[in-house]
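Reviewing the structure listed below.
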Amino acid sequence: MSFLDLKNVTKIYPNGTKAVHETSLSVDEGEFMVFVGPSGCGKSTLLRMVAGLEDITEGDINLDGKLINEVDPSERDVAMVFQNYALYPHMNVYNNLAYGLKNRGIDKETIEQKVNDAAKLLQISDYLQRKPSMLSGGQRQRVAMGRAIVRNPKIFLFDEPLSNLDAKLRIQMRLEIKKLQQKVGVTSIFVTHDQVEAMTLADRLAVINNGIIEQLGTPIEIYDNPKSLFVAGFIGSPQMNFLDGNIKNKTLSAEGFEIKDIGSDFEGEVKLGIRPEHLSQSENSLINLKVDLVEQLGSDNLVYGQLKDKKDFCYRCPGNLTIEKGADLSLNIENNKYYIFDKSTGKRVN
Amino acid sequence: MTRFITSSFSHLILLIGILIMVVPVWMIFASSTHTSSMINMNGLQMFLGDSFYENYLRVLLYQGGFFKEITALKMFFNSFIMATGVAILSVVTSLMAAYALVYYRIKYATLLFWIIFITILVPLELRIFPTYSVMAELNLVNSYFGLIVPISASAIATLFFRQFYKTVPDELLESAKLDGANTWRFFVDFLIPLSKTMIVAMLIFMFVFGYNQYLWPLLVTTSEQYWTVVMGLKMMSGSIVHRFAFVMMSMVPPILIIIVLQKYFIKGVFQDK
Ligand SMILES: Nc1ncnc2c1ncn2[C@@H]1O[C@H](COP(=O)(O)OP(=O)(O)O)[C@@H](O)[C@H]1O
Ligand SMILES: [Mg+2]
């Protein structure tokens, strides 16, 4: 059994909403697990069941070899960082950090030692006497982290902790969280709807949709090898291009082109997925793109345009290529990197 | 220019309002510092006389009442006990009632709350005889306990605390739970400090409420030893200047408490966060 073990966990809210369906998942000790998925898919619910803030309708959760279904949140030894930080407004930073330790009956000197260590690690030593209302967003974020770290819990839980920060600070804190987690080595679960955040932070990530884990794996595995239409569309930026197609006798015919000898015996209606970065310009082209718009990111250009059938399409090329609006490009798929999904089930078929 | 005129005009109205309220009080105060023969001959006075100490000291220490066994000083003491008792008891009970209503999974908590709230529409006067008979049967007539307890369940204070608790974000409770706080610790370490200004405001409010009680103390005390100031206002005999002095003194405790704590009062009632 691994460090944290979810077995067939289901959550049905009293109003009948089924937020999590028979989900099983294992997290190893020291691992950084990320739950990613669109808003309302049940990420927070799953996390809150681990914390003990929501009852488990069905299934078992084991933490560190102990069944914790019925264990009170105050006894679980988990720490959580909330989206709005939930700092204690009437306590100064020192007491915000110390409160959990006091409740565990730890003596004063040890508390002071631990709080000071955590404060130093997070560079908040100068604000220890301030109330949370006198801190900036980034500083509050650090205090919230400090409150989790200082207790040295079995597991850290983060519920979209970066979404209240501005873009620049978010990237900075993202790096710091990752560094901190590596340094402290505590098992962590991080919930986010931002796939870039998910990819950069995760040791492994779970892509969740409609209360189900669609795919579980390392960020690269999931990027390279999405198992479903949903995962393929959700992970990767800009989004994967999808075209309608049909397979007969191992030949895929899409609007305007054909691919022969696809490695699959599937027959019928499919979606063909091609990532914008897996295309290149070439003579014997497969796809003809009429350029509408070019976004220059410096290192890359994002070229948006339409195919023959007016379908929107995106192509990512190196930043040193100049492409004019209105140009006609001939594109080929590099190294046969395309993905085929069963149109009716969304399952990958190649 | 027009702004100057309108602003002067509104100030004039305010000034008149203030005068209407303050002048009678001032006249009573001024009159209470003269000798009674002076008042009897010349009517109410606008200017201070020189019998202040004489009159006020006499009132404080004079054995009044039908049986001549209570002084004004004792009445102040009784009123203080009663008002403080009502203030503390009603704030404590409302705090706890509101806590239970908001944070415990009570079935029909909202309905319960509205039932409590409806009691605001039932004044003490309406239930005064049943309440009296309960007190009589419990043998609590003529006791501080009997004076305090029956008027110490405050729906208003419960309403205020309940509304405040409802604005406290759930994450705070959840965060506290994960930090190892049980329900009692959450109440003591979070809700009470967070509602500190509101608690002070309610203490003042209920203190004045308790201090101003007239009918209930009248009914539940037969011994003069338990007379309160407000009862004394009616019962006082003696010359007019002494009664005026007593009236003046009876205003001091509530005014004092509001002046000292008004900062909290305003914050607590109008903009507590
Ligand atoms: N307390 C609740 N009562 C009823 N339904 C809820 C409650 N909390 C969340 N839900 C529903 O459960 C689903 C999952 O919610 P949540 O876990 O918060 O999603 P996420 O965090 O992924 O955005 C949503 O459909 C949401 O409306
Ligand atoms: Mg959420």
So does Phe80(B) have more than 12 non-hydrogen atoms from other groups sitting under 6.0 Å from CZ? no
If you count every heavy atom of other residues, nucleotides or ligands that lies below 6.0 Å from Lys178(A) atom NZ, does the total exceed 12? yes
Would you compute the distance between atom CZ of Arg76(A) and atom NZ of Lys177(B) and round it to the nearest 0.5 angstrom? 10.5 Å
Considering non-hydrogen atoms only, spot the tightest contact between Leu172(B) and Ala86(A) and give its length. CD1-O, 4.0 Å
Any donor-acceptor N or O pair under 3.5 Å, side chains Asp189(B), Tyr88(A): no
Could you state the interatomic distance from CG (Asn84(A)) to CD (Glu171(B)), rounded to the nearest 0.5 Å? 4.5 Å
Check whether any side-chain heavy atom of His90(A) sits under 4.5 Å from a side-chain heavy atom of Lys196(B), and report yes or no. no
Would you say Asn182(B) and Ser74(A) make side-chain contact, with heavy atoms under 4.5 Å? no
Chain B heavy atoms under 4.5 Å from Leu87(A): which part of the residue, side chain, backbone, both or neither? backbone
Here the pair of heavy atoms bringing Ala181(B) nearest to Asn103(A) is N-ND2, 3.6 Å
Counting heavy atoms not belonging to Glu125(B), are there more than 12 under 6.0 Å from its CD? yes
How close do Leu178(B) and Arg104(A) get, counting heavy atoms only, and between which atoms? O-NH2, 3.9 Å
Tell me if the CZ atom of Phe145(B) is crowded by more than 12 foreign heavy atoms within 6.0 Å. no
Supply the atom-to-atom distance Leu194(B) CG to Met91(A) CE, rounded to the nearest 0.5 angstrom. 8.5 Å
